[in-house]
There are 2 protein chains.
Amino acid sequence: MLADMPRRSAADVADSRASAVEAAVDLASVEGLEGITIGRLAGELAMSKSGLIGRFGDKEAMQRAVLAAAVERFTDAVWRPAARSAPGLPRLEAVVDAWIGHLRDGVFPGGCFVTTASVEYDARPGPLHDDVAEAVSRWLGVLEAEARRAREAGDLPPGRDPADVAFELHSLASGGSVAGRLTGDAAALDRTRAAMRRAIGLPAG
Amino acid sequence: MLADMPRRSAADVADSRASAVEAAVDLASVEGLEGITIGRLAGELAMSKSGLIGRFGDKEAMQRAVLAAAVERFTDAVWRPAARSAPGLPRLEAVVDAWIGHLRDGVFPGGCFVTTASVEYDARPGPLHDDVAEAVSRWLGVLEAEARRAREAGDLPPGRDPADVAFELHSLASGGSVAGRLTGDAAALDRTRAAMRRAIGLPAG
DNA sequence: AGTTATACAGAACGATCGTTCGTTCGGTAT
DNA sequence: ATACCGAACGAACGATCGTTCTGTATAACT
């Protein structure tokens with residue numbers, strides 16, 4: 001017997017909390033993690049403020065859960081598909097395509113969630129800063145490892161620092177997504193994709 | 001006679017309002033343009049909320065004035081010094097150095113102001129969105145014109161689209177500044193500078 | 001000197017913020 | 001059948017939000 005199992009239907013509970021978090025991810029991708037309001041979110045979910053926040057404890061815990069869910073959504077949309085490609089340069093190429101694709105498909109209604117969160121907390125200390133920084137660092141580490149494998153396979157110039165490659169890919173995707181969305185430049189994602197491919201020595205095609 | 005001149009000492013009035021705006025720029029570069037609070041700002045300036053907001057009319061007008069001042073500060077720090085270099089590639093090179101330099105020097109205590117504002121308003125319509133978009137578009141236009149001159153001088157590959165170059169430079173600076181600040185990567189600005197130089201065909205040095 | 005306009009303080013407005021209660025209700029275990 | 005847990009509610013808390021109004025002191029102009 002599982003002594004610490006939830007007494008109530010586990011599926012229902014998880015669904016309720018998970019759907020709240022997913023709605024909050026969409027809202028926060030537009031308004032920012034700091035722009036979330038318990039009242040507004042509760043209104044959209046047709047539940048009471050106290051009922052909503054009771055699931056998390058306090059607002060900060062909710063924000064952290066929302067961030068974690070957004071990272072998960074990004075991983076599902078970008079990393080998981082790309083990880084099916086062969087390690088090294090092919091996988092980096094697939095990452096670029098999935099990355100651009102998830103921006104084009106509107107996986108986050110307000111643009112790249114992690115970028116929004118990065119800007120919100122890059123100059124403000126606290127647990128959320130640390131969470132965002134940890135997520136970005138981990139992603140950069142993944143990219144760097146892949147770039148290193150590509151270099152070892154001879155698919156990148158030997159002088160090219162894998163950490164530089166990772167950082168450049170991230171900067172391009174992050175900055176390009178914001179600028180394109182802001183100015184309404186329809187070609188922005190194409191420009192970004194071409195620049196990212198250039199960064200890993202691939203033809204623009 | 002100047003019929004519509006301010007009745008009060010024009011210099012004093014301008015100073016008072018200007019210093020409020022400058023303080024607000026510093027605050028907003030950390031907390032965001034949306035994170036500014038009339039109460040907080042008034043407290044820092046040791047004046048009343050009503051006295052402060054009376055200078056602008058309402059909060060949105062104040063935010064627009066703050067944004068305009070931040071753009072001016074960026075122009076002073078980045079464009080004006082670089083514009084002394086010869087048009088084309090030399091000027092682009094100077095822009096890169098001034099751009100990185102203003103980030104390194106902490107011209108904005110919370111990182112690049114326009115990037116913060118871009119993220120805040122890239123998914124939210126309104127006058128502030130339009131102001132930010134206009135500022136970014138103008139800056140991209142300046143970069144593009146310079147890239148075009150560089151290409152005409154034969155300092156850039158003929159196949160390279162000047163708009164692509166401008167967009168890539170902006171993406172790198174914007175995204176790199178945020179990621180570096182967030183993760184505390186001391187080498188981030190160097191990486192960004194190297195990537196920006198690569199984007200205009202210059203050696204990393 | 002008298003008049004006028006302005007800058008600012010102070011107080012108050014309704015709204016909303018995040019949080020904390022006490023209560024109710026449905027489901028599970030004993 | 002009883003006890004209990006957890007989810008969710010409605011109501012209220014003090015704090016703060018942006019805004020408005022009123023009074024006043026001061027500077028500028030006649």
Side-chain angles (χ1 to χ4, degrees), chain A residues 1-24 27-28 30-67 120-121 124 126-128, chain B residues 1-24 27-28 30-67 120-121 124 126-128:
Chain A
M1 140 186 180
L2 303 172
D4 51 359
M5 262 200 76
R7 307 301 159 84
R8 200 180 178 183
S9 156
D12 286 6
V13 171
D15 280 6
S16 166
R17 186 184 147 123
S19 66
V21 169
E22 290 304 317
L27 201 153
V30 175
E31 310 273 353
L33 222 24
E34 212 65 27
I36 296 183
T37 264
I38 297 174
R40 279 250 315 253
L41 184 59
E44 284 192 16
L45 294 166
M47 65 186 301
S48 67
K49 293 200 293 174
S50 56
L52 172 62
I53 200 61
R55 289 309 198 92
F56 302 93
D58 59 10
K59 191 190 179 184
E60 189 179 273
M62 185 183 79
Q63 290 171 312
R64 300 181 71 176
V66 171
L67 173 63
E120 282 186 285
Y121 298 106
R124 251 186 299 177
L128 276 158
Chain B
M1 141 187 177
L2 302 172
D4 51 359
M5 264 200 74
R7 306 303 158 83
R8 200 180 179 184
S9 158
D12 286 4
V13 171
D15 279 5
S16 166
R17 184 183 146 124
S19 67
V21 169
E22 290 305 316
L27 200 154
V30 175
E31 310 274 352
L33 222 25
E34 211 65 26
I36 296 182
T37 264
I38 296 174
R40 280 251 315 253
L41 184 59
E44 284 193 17
L45 294 166
M47 65 187 299
S48 66
K49 293 201 295 175
S50 57
L52 173 62
I53 200 61
R55 289 311 197 87
F56 303 94
D58 60 10
K59 192 191 180 185
E60 188 178 274
M62 184 183 78
Q63 290 172 312
R64 300 182 70 176
V66 170
L67 173 63
E120 282 186 284
Y121 298 106
R124 251 186 299 177
L128 276 159

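All values below were derived from every heavy atom in this structure, side-chain atoms included, with hydrogens, water molecules and symmetry-related copies excluded. Order of the sequence lines sets the chain letters (A, B, ...), proteins ahead of strands, with each chain counted from 1.
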Distance, nearest 0.5 Å, that separates CG of L52(A) from CZ of R17(A):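 Reported value, rounded in 0.5 Å steps: 10.5 Å.
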Inter-residue atom distance F56(B).CZ - Q63(B).CD, 0.5 Å rounding: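 CD of Q63(B) is found 11.0 Å from CZ of F56(B).
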Donor-acceptor contact present, side-chain K59(A) to main-chain I36(A), <3.5 Å: yes
Under 4.0 Å protein heavy-atom contact, by nucleotide of nucleotides 11-16 of chain C - B base, S sugar-phosphate only: ------
Rounded interatomic separation in angstrom, taking [atom1] from [X] and [atom2] from [N]:
| X | N | atom1 | atom2 | result |
| --- | --- | --- | --- | --- |
| M62(A) | dG18(C) | CE | P | 8 Å |
| R40(B) | dC17(D) | CZ | P | 8 Å |
| E34(B) | dG18(D) | CD | C1' | 12 Å |
| L52(B) | dT20(D) | CG | P | 15 Å |
| Q63(B) | dC17(D) | CD | C1' | 13 Å |
| E60(A) | dC17(C) | CD | P | 19 Å |
| L33(A) | dG18(C) | CG | C1' | 16 Å |
| I38(A) | dT20(C) | CD1 | C1' | 12 Å |

Side-chain N,O (R55(B)) to OP1/OP2 (dA7(C)) below 4.0 Å: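 For R55(B), the contact criterion (side-chain N or O under 4.0 Å from OP1 or OP2 of dA7(C)) is not met.
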Pairs meeting criterion salt bridge (charged side-chain N to carboxylate O under 4.0 Å, His left out) with involvement of residues 32-43 of chain A, two or more places apart: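 The answer is E31(A)-R40(A).
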Sugar-phosphate, base or nothing in reach of L41(A), heavy atoms under 4.0 Å: nothing
Sugar-phosphate only, base, or nothing, as touched by L45(A) at under 4.0 Å among non-hydrogen atoms: nothing
Comparing M47(B) and I53(A) on DNA chain C - which has the more 5′ nearest nucleotide: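 Final value for this comparison: M47(B).
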Please table the atom pairs, donor to acceptor, closer than 3.5 Å between any side-chain atom in residues 41-49 of chain A and protein atoms at least two apart or in another chain.
unit_1	atom_1	unit_2	atom_2	d
S48(A)	OG	S50(A)	OG	3.4
S48(A)	OG	G51(A)	N	3.0

Qualifying residues under salt bridge (charged side-chain N to carboxylate O under 4.0 Å, His left out), relative to E60(B), sequence neighbours excluded: none
Least distance between heavy atoms, G35(B) atom then E120(B) atom: N-OE2, 4.2 Å
